[in-house]
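Take a look at the structure set out below.
This chain uses plain numbering: 1 for the first residue, then up along the sequence. Given the structure is predicted, the values throughout are model-derived calculations rather than measurements.
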Amino acid sequence: MPLRFLWGAQKGGTTGLWDMLDLHLACGANRRFPSPDVLRNEKESHYLASLKKTPNRFDYIRTYLLAECASHCFIDATPDNLMVPFTAARLHSMMTSAEAARARFVVQLREPVSRQVSFLQMESRIGKSYLSVEHASVIYLREWMGHTHGSSALKAVKAEMPAVRACNAADASTRKSAECARVATIAATFTVQLVLKCIILPFGHGDQAVGEVVGRDPVTIGNCYPSNYPPFLAWGVYAAQLHWLRTHFSRSQILLLNMHTALTSRSPNEYLQEILDHLQIPTTAHLSGLVHSNSASPAQAGDMLNCSTHSQLSAIFEPYNEILYAMEPEFDRFPPASDVPCLHTHKQAVYDTEEEGASSRGQIHSVHRTHRGGVPEDGPAKGSRKLIMLPHMPPSRFVP
């Protein structure tokens, strides 16, 4: 059973961290769920994030082959685990109490607008999407507006923001006070309700023997969002993600890093040594020169946000960043989203699948999830003239 995890964030530098751990005799998965093909040392298993049935300890263990790893130092470095709400609950349900207490997580975060641009550039670069960063972001903005419209949880988050901001503006001792921790927990709980439409409850188990622990479905209150993956913009709402990880594992088991400052506040050796120490992996290779850059590729006009869209995204992410800072008073602030370049344009883009009679509301007539090769799962839509292929993600509802 893997007990060490690079839990995210996606496009937050996990590939570089994995490369470094690979040199220290750590081992990845030997298959990528749900593929039956046996591989070797796969960075990402995707078992916890992709599961559509009750988790099973023995299925998960079978993705890691003991004979292929002399060190027995297994690591699941699937960054999607951070943003999929049920992964921590699924993992905890498959562990004995001793294993759950020994688990270690590294979470490295990236400023959300920068993360989103980098992800969408990657999707285009590797052929998963032909949409520009701007076009895809407008679609996802519309999805988020529909998801949060009229939400009582959104109203509750807004009501908590003055107290959250007051804590973040206070001196260091006040930021670490029990009252500010209470404020942050309340705001994070409402953020989870906003993203997920339900609450995931913690559950424990006694000192069961390994043979008695198999796995079970998460326990929830409310009607949860009907997909493993939440709406796309929620992938950058780290306050919710950290909350549902901390629901099942203690804060001391999580090493929280800021991708932007991890290497500016200390030497590369100190940065990497901190990760090895937290994961309880002995140093077996020279550390220097192992840091891998996971920044966005150089921006080009077709791969940049319009500044108006950039501003909307910044405004959406800002309060959830503030909640994150209140939850984690020692976490370094992200650089401003304004550091992400954008295009000043007065041109009104049209986001409609019909080439004629384009709707000013930008209605989405047909949206298909695609496999990695870009082939629609359910075939071409009847009556549609042009198929929009979104970046690889579960299907979701879009609002006109």
Side-chain angles (χ1 to χ4, degrees), residues 1-9 14 17-18 21 24-29 45 47-49 51 54-64 66 69 71-109 176 178 181 184-185 188-189 192 199-220 238 240-257 273-283 327-328 330-331:
M1 168 70 74
L3 297 178
R4 301 172 177 90
F5 302 88
L6 300 184
W7 206 248
T14 57
L17 295 181
W18 165 251
L21 294 172
H24 287 77
L25 306 183
C27 303
S45 77
Y47 179 85
L48 298 168
L51 201 62
T54 301
N56 185 291
R57 172 188 178 89
F58 304 104
D59 286 345
Y60 186 42
I61 289 176
R62 277 193 287 269
T63 66
Y64 293 83
L66 205 62
C69 185
S71 69
H72 294 183
C73 179
F74 295 105
I75 293 181
D76 189 339
T78 308
D80 294 30
N81 284 340
L82 178 66
M83 62 197 183
V84 174
F86 306 108
T87 52
R90 290 167 178 163
L91 177 63
H92 193 276
S93 78
M94 297 187 294
M95 290 178 156
T96 66
S97 55
E99 288 170 335
R102 288 166 50 208
R104 294 292 180 270
F105 303 85
V106 174
V107 177
Q108 183 162 274
L109 303 180
K176 298 177 183 179
T185 299
T189 301
V192 168
I199 290 293
I200 305 173
L201 298 180
F203 55 76
H205 38 61
D207 294 324
Q208 305 173 87
V210 170
E212 298 173 332
V213 178
V214 178
R216 52 179 162 156
D217 292 316
V219 180
T220 61
Y238 303 130
Q241 298 166 5
L242 191 60
H243 186 278
W244 55 60
L245 176 58
R246 286 169 51 174
T247 296
H248 301 283
F249 297 93
S250 72
R251 177 61 185 86
S252 63
Q253 294 174 265
I254 304 166
L255 176 61
L256 187 65
L257 300 170
Q273 191 64 60
E274 181 182 19
I275 294 166
L276 291 171
D277 290 345
H278 180 74
L279 295 176
Q280 299 176 348
I281 298 175
T283 304
M327 295 172 70
E328 297 289 335
E330 295 185 357
F331 183 76

Restricting to side-chain contact (heavy atoms from CB on, under 4.5 Å), what partner residues turn up for Thr247, sequence neighbours left out? Pro202, His243
Taking C-beta and beyond as the side chain, do Gln108 and Thr14 meet within less than 4.5 Å on heavy atoms? no
CG of Asp80 to OG of Ser45: how many Å apart, nearest 0.5 Å? 10.0 Å
Among pairs that include at least one residue of residues 242-252, which meet salt bridge (Lys or Arg N to Asp or Glu O under 4.0 Å), considering only residues two or more places apart or in two chains? Arg246-Glu328, Arg251-Glu328
Does Ala100 offer a backbone N or O that forms a donor-acceptor pair with the side chain of Arg102 under 3.5 Å? no
Looking at every non-hydrogen atom in both residues, tell me the closest pair between His248 and Ala89 and how far apart they are. NE2-CB, 3.4 Å
Checking the side chain of Arg216 only, and the main-chain atoms of Ser93 only, is there a donor and an acceptor separated by less than 3.5 Å? no
If I take atom CG from residue Leu245 and atom CG from residue Asn81, how far apart are they, to the nearest 0.5 angstrom? 9.5 Å
One should read off an interatomic distance between Arg4 CZ and His278 NE2, to the nearest 0.5 angstrom, of 10.5 Å
Between atom OH of Tyr47 and atom CZ of Arg62, what is the distance when rounded to the nearest 0.5 Å? 9.0 Å
How close do Met94 and Arg57 get, counting heavy atoms only, and between which atoms? O-NH1, 2.8 Å
Side chains of Ile75 and Leu6 in contact at under 4.5 Å (non-hydrogen atoms): yes
Donor-acceptor pair, His92 side chain versus Thr87 backbone, under 3.5 Å? no
Quick one: closest heavy-atom pair of Phe249 and Ala103, and the distance? CE2-CB, 4.1 Å
Nearest heavy-atom approach of Tyr238 to Ala9 is CE2-CB, 4.0 Å
Using atom types as modelled and distance alone, determine if a side-chain donor or acceptor of His24 lies under 3.5 Å from a backbone N or O of Pro282. no
Can you name the nearest heavy-atom pair linking Met95 to Leu3, along with the distance? CE-CD2, 3.8 Å
side-chain contact (heavy atoms from CB on, under 4.5 Å) against Cys27, all qualifying residues, sequence neighbours excluded: Asn41, Cys69, Ser71, Phe74
For Leu25 and Cys73, work out which heavy atoms get closest and say how close. O-CB, 4.2 Å
Tell me, do Leu91 and Tyr60 make a side-chain contact under 4.5 Å, heavy atoms counted? yes
Using 0.5 Å steps for rounding, measure from the CE atom of Met327 to the OG1 atom of Thr185. 7.0 Å
Short side-chain donor-acceptor distance under 3.5 Å, Asp76 and Thr78: yes
Would you check if Leu257 and Glu274 make a side-chain contact, meaning some heavy-atom pair closer than 4.5 Å? yes
Quick one: are Glu330 and Leu256 in side-chain contact, heavy atoms under 4.5 Å? no
Using a 3.5 Å distance criterion without hydrogens, assess whether the side chain of Arg104 forms a donor-acceptor pair with backbone atoms of Leu279. no
Could you give me the CA-CA distance, side-chain angles and deciding distance for Phe331 and Leu109, then say whether side chain to side chain contact (heavy atoms under 4.5 Å, CB included) is met? CA-CA 10 Å; Phe331 183 76; Leu109 303 180; 4.1 Å; yes
Flag side-chain contact, heavy atom, 4.5 Å: Ile275 against Leu17: yes
About how many Å separate CG of Leu82 and CD of Gln241, when rounded to the nearest 0.5 Å? 4.0 Å
